[in-house]
2 protein chains.
Amino acid sequence: MKKATMKDVANLAGVGVGTVSRMINGTKVKQSTYEKVTQAIQALDFIPDETARGLKRAMTHTVALIVPTIWHPFFSEFAYHVEKFLSQHDYKLYLCNSDGQSEKEVEYVKLVDQNRCDGIIAITYTDIENYISDGIPFVSIDRLFTQDVAYVASDNKRIGQLAFEVLVGSEATHLAYIGSHNLIKNRTMERGESFEGEAKKANVRFSKLDMLEPVLDNKSQIKQFLIAHPTINGIFAINDYEALDVLTVLDELGRKVPEDVQLIGCDGIKMSAERDYVVSTIKQPTEEMAKCAVDMVISLAKGEEIQKEQLLDVTFIQRGTTR
Amino acid sequence: MKKATMKDVANLAGVGVGTVSRMINGTKVKQSTYEKVTQAIQALDFIPDETARGLKRAMTHTVALIVPTIWHPFFSEFAYHVEKFLSQHDYKLYLCNSDGQSEKEVEYVKLVDQNRCDGIIAITYTDIENYISDGIPFVSIDRLFTQDVAYVASDNKRIGQLAFEVLVGSEATHLAYIGSHNLIKNRTMERGESFEGEAKKANVRFSKLDMLEPVLDNKSQIKQFLIAHPTINGIFAINDYEALDVLTVLDELGRKVPEDVQLIGCDGIKMSAERDYVVSTIKQPTEEMAKCAVDMVISLAKGEEIQKEQLLDVTFIQRGTTR
DNA sequence: CTGTTAGCGCATTCAA
DNA sequence: TTGAATGCGCTAACAG
């Protein structure tokens, strides 16, 4: 049977379409009509056409999430929470994998102009700020824009400090930072900078390996570095993947973790909700970041004024790679 | 500036709206008008309103993907590929986390009736077949429906066979299957069944631990089982997570892998594209499954007739838990 | 090849 | 409180 429209409902209930529309949108109607219409809706299995509503209201109740790839535990955890919170507000989510390519990001940003979604939450590490037509509801994650773009990020400076505190607190005497970066300024760089800053300030022995992306021979560079600095006994890696690679290399070098060397990662990734963290780590508050981003983007979509910057706190998670 | 509409473009170019529409939809027009219109489009930054197109054509070029949770490497890999293939066909993807709850699945299935999407790809382990109004474009993954629902699955019988062949081929003499299942009939159960069948057929010593979900004390049950059957030296786990738990328990019991005991998981999960598999495993052809599902759902959305059953082949991936 | 027009299904204005 | 009418932006049918 063909899908029922509002007109069908109105006819069956013996009222005007306007009345049905108002009822659906929550305007109060007389009790008797309410019942008639409700019956008609049920009888016809009527479900409002969201496309038509979208056209009329110029609002889709949809948000696009742009990530480099959903196939990564940090992004998939984030996406999970974003969808959860959006869903609580009755919003739908477009999933957009950019593969880190600027052109794809730009393509997905157009979803707003096409009226396919009301706003965008994006994790990008390329240069797209120039393509964000201003005025579109856009919330960036962990990214510092020069322009007037809303963002939520975890406190990356605090991450470096915390890593320092933990390592020194458990008697590391020669610290090292191991990480990589690309040319776009993003906030993860601050992790290493503040870690280094703390070490220098406290006059603790410090070395670093900061590679320029794309990094092809990550593990061999790490190995070289660790051989060159054999006294390192406290390592802070820029993220948990890097930490896992460091762990592998340490193992190859026959160095015991955490007895000989302690290691802290960053991000707090887990393969999935019920699995454990992979190393001792500084955890980003993924769920709060998602909630924050959702609240912001919905507010922006409604044209409300918001606090454009949100910095959230991080926590240390103790696992097997520190004592 | 307000968004330009087709009418604006038509006015500026001095043509009718129909002409503009036809141009956008690829109908041939005279070279001179083509140029005029193209200029007007660029001048006005015109982007067609997809909501209006959707209303008119009753087609949204959007597909919904329902998964238990995107925060799981198998589902996020699958979702990654699904989005990639959809994108190649110029389709968008709604991400839907069901948390394994039937009500949420039903809610998301309604997206089709709301005209928010043209079809659905779903990985479900609950009893929703009754809620799928027939006729809606629905493709199920790894799930055996009693009704006339299209599905794509990997060859789960072959999975069990392959696991058997590999283990026996590398000289395991006492095989075991470790897994769990719930009450909904799904195809993963076939993995253990065919594995057991092969063992019986070949007269190889065989034990099994098949737990009923929800399993609360997975590892302790595994430990008990392995202690009760100390001669087991070849284990097939229903999936890679189960295999990881088995690995942990074996380690606790001081049994060397793969020297004392060999272990094969299933699914072939990786934390992300560039990371490695976590154990020796029988890999599901995730990417092909995604391609297949996308092709099927788009065909169904177009009203085409399709082959409703697709069984795809699996492969053994050798890693550190087998010799 | 092109302009005009009639809806797609709904929300909203204006009268009643 | 309600019905009727108008139009959101676009596509497709029709006439030229």
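Note that these values count all heavy atoms, side chains included, but never hydrogens, waters or copies made by symmetry. Model, not experiment: these values are computed from the prediction. Within every chain, numbering begins at 1; the chains are lettered A, B, ... in the order of the sequence lines, protein sequences first and strands thereafter.
The backbone N or O of B/Y34 sits less than 3.5 Å from a side-chain atom of B/T38, completing a donor-acceptor pair.
Between B/V29 and A/E50, it is B/V29 whose nearest contact on DNA chain C lies nearer the 5' terminus.
Between B/E35 atom CD and C/dT2 atom P there is a gap of 12 Å when expressed in whole angstrom units. Spacing between atom CG of A/N115 and atom P of D/dG9 amounts to 9 Å, rounded to whole angstrom units. In this structure, B/K7 atom NZ and C/dT5 atom P are separated by 12 Å, rounded to whole Å. In this structure, B/K3 atom NZ and D/dC10 atom C1' are separated by 11 Å, rounded to whole Å. Atom P of nucleotide D/dG9 and atom CE of A/M59 are separated by 14 Å, given to the nearest angstrom. With rounding to whole Å, A/I47 atom CD1 is found 14 Å from C/dG9 atom P. One atom, CE of A/M23, and another, C1' of C/dA11, lie 15 Å apart when rounded to the nearest Å. Straight-line distance from the CG atom of A/L44 to the P atom of C/dC10: 12 Å, rounded to whole Å.
The side chain of B/F46 approaches D/dC10 more closely than any other nucleotide in the set D/dC10, D/dT11, D/dA5. With C/dA11, D/dC10, D/dA13 as the candidates, the nucleotide lying closest to the side chain of B/R22 is D/dA13. Relative to the side chain of A/M6, the nucleotides D/dC10, C/dC10, D/dG9 differ in distance, and C/dC10 lies closest. Side chain of B/D49, nearest nucleotide from C/dC8, C/dC10, D/dC10: D/dC10.
With respect to B/K3 and A/D113, no salt bridge is recorded, no charged nitrogen being found less than 4.0 Å from a carboxylate O. Using a cutoff of 4.0 Å between basic side-chain nitrogens and carboxylate oxygens, B/E83 and B/K92 are not scored as salt-bridged.
Both tests hold for B/K291 against B/F85: distance to the six-membered ring centre under 6.0 Å, angle to the ring axis within 45°.
Among the atoms of the strands shown, only primed sugar atoms or phosphate atoms (P, OP1, OP2) are found under 4.0 Å from some heavy atom of A/T5. When heavy atoms are screened at a 4.0 angstrom cut-off, B/T33 is found touching the sugar-phosphate backbone but no base atom. At a threshold of 4.0 angstrom between heavy atoms, the contacts of B/Y34 with the nucleic acid are absent. B/V15 comes within 4.0 angstrom of sugar-phosphate atoms only, judged by non-hydrogen atoms across all strands, and of no base.
Under the 3.5 Å distance criterion, with hydrogens and angles disregarded, no donor-acceptor pair is assigned to the side chains of A/D142 and A/Y125. In the model, A/D118 has a side-chain atom that pairs as donor or acceptor with a side-chain atom of A/T60 under 3.5 Å.
The side chain of B/T19 places an N or O atom within less than 4.0 Å of a non-bridging phosphate oxygen (OP1 or OP2) of C/dG3. Listed pair B/R53 / D/dT11 meets the phosphate criterion, a side-chain N or O lying under 4.0 Å from OP1 or OP2. Phosphate contact (OP1/OP2 of D/dT11, side-chain N/O of B/N25, threshold under 4.0 Å): present.
Residue-to-nucleotide contacts include a donor-acceptor pair under 3.5 Å from the side chain of A/K56 to the base of D/dG7.
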